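Sequential numbering from 1 along the given sequence is applied to the chain's residues. Being a predicted model, the structure only gives us computed values, none of them experimental.
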Amino acid sequence: MAARRTAAAAPGGDTESSPLDAFCPLDELMPWSVRPLRTGRTWVSGPDPAALRARWERLAAAGAEERERLFAPTRSRTPHTSVAALPGHSTGTARFARAPGPCPDPVRVLHGPYDEQWLLPDHRLIDAARPELWRVADGRQLFAVEHGAVPEDSGPALSVTALLPDGYSPAGRPGRIRPLFRRPGGTEANLAPGLPELLRGRLGGGADPDAFTPEAVLAWILAAARPSPAGPLVPLPGDGEVWAAGVALGRELTRLQTRGGRDGERPRLPGGRRPYVRAALPARPGELSYDAGDEALTAGEGRIAPVPAAAWEFTAGGVRVLERWFRLRAAAATGLRTDGEVPDGLDAVGARGWTREWTSELLELITVLALVDGTAGRRKELAARLDAGPLIGPAELRSAGVLPAPARSRRPASVLGHQEEGPDGQFALL
């Protein structure tokens, strides 16, 4: 009830009728969003880039009838579909059945909140690649990805990543993808027009010139957003000290979720708490289990310790992150599906056992999950301060003209900086 009372007294005359009414929908604060990628076929992505290359080579070398079967055609894509190249990637645009071309280098993508995988960046293979995302993906871009409404999750309600996200949500609800910038080069922030200026005027910038940059606003959103069935809700504080604390927390969460960011040091646990490989994981590790007494992960004869219980129990979208991450790779190591069945087609191609790279990634994932869980106390403290108010609510933003965001801010911006190859070698005008 505190949030309701303080919201009613906030400048701008907010008169919200319930505590959540004083929170702002993320959809209003970051108006441009994109639906998740839809590959249409599972074999174009996965945890092992070598397997993706092997699948391409198998498909390209197959005869016409076998290629049709292996391709796994859908209504959107068949070997005879002609489409434009993905922005930023000079892959073939001729029909795959006629001229497959060389295998494109797999690109790193974020699959779900904490799983970094690989994708073949060829538009002919992907049902809905969302070219508007590829067009703005560069060294300045950050993407916010929704997880779905699961209040009991261990971490934040959103992910922030510098990788291209596929928008997969373990909760089952498609996770909307919200780029921080609408244009390449970190220009035109995807924020309600006037929001940073209003926050600076209400909360004061102090001596920190970066207190209300687009990156700072995204950091606040990451730290403060709360899940709801209608999408994340974001409380905006009426107190500058609360804002500063939330931005600092969000920047730390961003550093952890982006594995050190572009310029930061990769996450590390304190000495004595860092996980190490005590016994190498076998080529086909089987099931993953956790020994709470020894703080150890075991899979077959493999053993990793110490692993904090918080990392093992960490959930996103109601799913235990470590278990799902491991299950996907254990299946890929043997060319099986996660249910143990043999897949039909290219998904079984390229299996080469458990890789050393996956072991290194597992150690880093354990570290990230433990450190994100370590921010739980600060996240709860921030939530309590926000519940006590005062808040800047939607009514004040409407009174200031920040909301509603104009309709154009919900559509992709026109990007005219380069030509993009269209179907069969033509060039598209953007």
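- With respect to the salt-bridge test (charged N to carboxylate O, under 4.0 angstrom), the residues Arg58 and Glu66 qualify.
- Surrounding CD of Glu197 are more than 12 heavy atoms belonging to other residues, nucleotides or ligands, all under 6.0 Å away.
- Between Gln117 atom CD and Leu328 atom CG the span is 6.0 Å, to the nearest 0.5 Å.
- No more than 12 heavy-atom neighbours from other residues, nucleotides or ligands sit within 6.0 angstrom of CZ on Arg35.
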Between Leu269 and Leu371, is the side-chain contact (heavy atoms from CB on, under 4.5 Å) condition met? List the steps.
CA-CA 7 Å; Leu269 285 165; Leu371 290 174; 3.6 Å; yes
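- A heavy-atom distance below 4.5 Å is found between the side chains of Leu249 and Arg379.
- Contact of the Phe181 side chain with the Asn190 side chain is not registered, since no non-hydrogen atoms from C-beta on lie closer than 4.5 Å.
- One side chain, Thr359 or Trp354, offers a donor N or O that lies under 3.5 Å from an acceptor on the other.
- Between Gly175 and Val145, the closest heavy-atom pair is O-CG1, 4.3 Å.
- Between Ile177 and Asp166, the shortest heavy-atom distance links the atoms CD1-C, 4.0 Å.
- Glu116 contributes no side-chain N or O that, together with a main-chain N or O of Leu110, makes up a donor-acceptor pair within less than 3.5 Å.
- For the pair Ser289 and Thr298, the tightest heavy-atom approach, listed with the atom from each and the gap, is OG-OG1, 2.6 Å.
- No hydrogens or angles considered: a donor-acceptor pair under 3.5 Å links the side chains of Arg41 and Thr74.
- With a 4.5 Å cut-off on side-chain heavy atoms, Trp243 and Val217 count as touching.
- Put simply, the side chain of Tyr290 never gets that close to the backbone of Glu313: no donor and acceptor are under 3.5 Å apart.
- Between the side chains of His111 and Ser45, not a single donor N or O lies within less than 3.5 Å of an accepting N or O.
- Put simply, the side chain of Met30 reaches to within 4.5 Å of the side chain of Leu191, judged on heavy atoms.
- Judged by distance alone, with hydrogens and angles left aside, the side-chain atoms of Asp153 form a donor-acceptor pair with the main-chain N or O of Gly317 at under 3.5 Å.
- Asp387 and Arg226 are joined by a salt bridge, as a carboxylate oxygen and a charged side-chain nitrogen come within less than 4.0 angstrom of each other.
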Passes side-chain contact (heavy atoms from CB on, under 4.5 Å), Ile126 versus Leu119? Steps please.
CA-CA 10 Å; Ile126 305 172; Leu119 173 70; 4.1 Å; yes
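- A salt bridge is defined here as a Lys NZ or Arg NE, NH1 or NH2 lying under 4.0 Å from an Asp or Glu carboxylate O, and Arg337 with Asp347 fails to meet this definition.
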Verdict with supporting geometry, Glu146 and Arg178, salt bridge (charged side-chain N to carboxylate O under 4.0 Å, His left out)
CA-CA 8 Å; Glu146 301 174 13; Arg178 300 181 188 272; 3.0 Å; yes
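- A pairwise comparison of heavy atoms in Val242 and Pro237 identifies CG1-CB, 3.9 Å as the closest pair.
- Smallest separation of non-hydrogen atoms from Ala216 and Ala211: CB-O, 3.4 Å.
- Side-chain contact between Val107 and Trp118 is absent, with no heavy-atom pair separated by less than 4.5 Å.
- Between the side chain of Arg182 and the backbone N or O of Arg411 there is at least one donor-acceptor pair closer than 3.5 Å.
- For the pair Trp43 (side chain) and Phe71 (backbone), a donor-acceptor distance under 3.5 Å is present.
- At a threshold of 4.0 Å, the pair Arg410-Asp27 counts as salt-bridged, since one of the basic side-chain nitrogens sits closer than that to a carboxylate oxygen.
- For the atom pair CG (Leu180) and CZ (Phe143), the distance works out to 10.0 Å, reported to the nearest 0.5 Å.
- Using a cut-off of 4.0 Å between Lys/Arg side-chain N and Asp/Glu carboxylate O, Arg140 and Asp138 are scored as not salt-bridged.
- Within 6.0 Å of CD in Glu357 there are more than 12 heavy atoms belonging to other residues, nucleotides or ligands.
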Dump the intermediate steps for salt bridge (charged side-chain N to carboxylate O under 4.0 Å, His left out) on Arg303 and Asp294, then the final yes or no.
CA-CA 11 Å; Arg303 183 178 178 85; Asp294 291 340; 3.3 Å; yes
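- Expressed to the nearest 0.5 Å, how far CG of Leu322 lies from CG of Leu297 amounts to 6.0 Å.
- The cationic atom of Arg329 (NZ for Lys, CZ for Arg) lies less than 6.0 Å from the six-membered ring centre of Trp325 and within 45° of the ring axis.
- The residues Asp344 and Arg69 are annotated as salt-bridged, a charged nitrogen and a carboxylate oxygen being separated by less than 4.0 angstrom.
- Ring pair Tyr114/Phe314 is perpendicular by interplanar angle, where above 60° counts as perpendicular and below 30° as parallel.
- Between the side chain of Arg55 and the main chain of Gly350, no donor-acceptor pair closer than 3.5 Å is present.
- Under a 3.5 Å cut-off, the side chain of His147 and the backbone N or O of Ser159 do form a donor-acceptor pair.
- The minimum heavy-atom distance between Pro308 and Ala370, with the atom names listed, is CG-CB, 4.0 Å.
- Side-chain contact between Leu198 and Leu397: present, with at least one pair of heavy atoms (C-beta onward) separated by less than 4.5 Å.
- Between the CZ atom of Phe23 and the CG atom of Leu236 there is a distance of 10.0 Å, given to the nearest 0.5 Å.
- Around atom CD of Glu152, more than 12 heavy atoms belonging to other residues, nucleotides or ligands sit under 6.0 Å away.
- The number of heavy atoms from other shown groups lying within 6.0 Å of CZ (Arg408) does not exceed 12.
- To the nearest 0.5 Å, atom CG of residue Leu29 and atom CG of residue Leu195 are 6.0 Å apart.
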Given the rule in the side-chain contact (heavy atoms from CB on, under 4.5 Å) test, do Val321 and Thr315 qualify, once you have shown the distances and angles that lead to the verdict?
CA-CA 5 Å; Val321 171; Thr315 61; 5.7 Å; no
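- Between Glu252 and Arg255, at least one side-chain nitrogen of the basic residue sits less than 4.0 Å from a carboxylate oxygen of the acidic one, meeting the salt-bridge criterion.
- Checked against a 6.0 Å centroid threshold, the rings of Trp56 and Phe96 count as neighbours.
- Ionic pairing of Arg273 and Glu295 is present here: one or more N-O contacts between side-chain nitrogen and carboxylate oxygen are shorter than 4.0 angstrom.
- For the pair Leu391/Leu386, a side-chain contact is recorded, criterion being any heavy-atom separation below 4.5 Å from C-beta on.
- A 4.5 Å side-chain heavy-atom check between Arg38 and Arg130 finds at least one atom pair inside the cut-off.
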Audit row: Leu365, Asp115, side-chain contact (heavy atoms from CB on, under 4.5 Å) steps and yes/no
CA-CA 8 Å; Leu365 179 60; Asp115 191 349; over 6 Å; no
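- Using a cutoff of 4.0 Å between basic side-chain nitrogens and carboxylate oxygens, Arg108 and Glu361 are scored as salt-bridged.
- Interatomic distance, His89 NE2 to Leu120 CG, rounded to the nearest 0.5 Å: 11.5 Å.
- Checked by atom type and distance alone, the side chain of Arg77 never pairs as donor or acceptor with a backbone atom of Thr39 at under 3.5 Å.
- For the pair Thr355 (side chain) and Trp358 (backbone), a donor-acceptor distance under 3.5 Å is present.
- For the pair Thr78 (side chain) and Arg75 (backbone), a donor-acceptor distance under 3.5 Å is absent.
- A donor-acceptor contact closer than 3.5 angstrom is absent between the side chains of Asp373 and Ser154.
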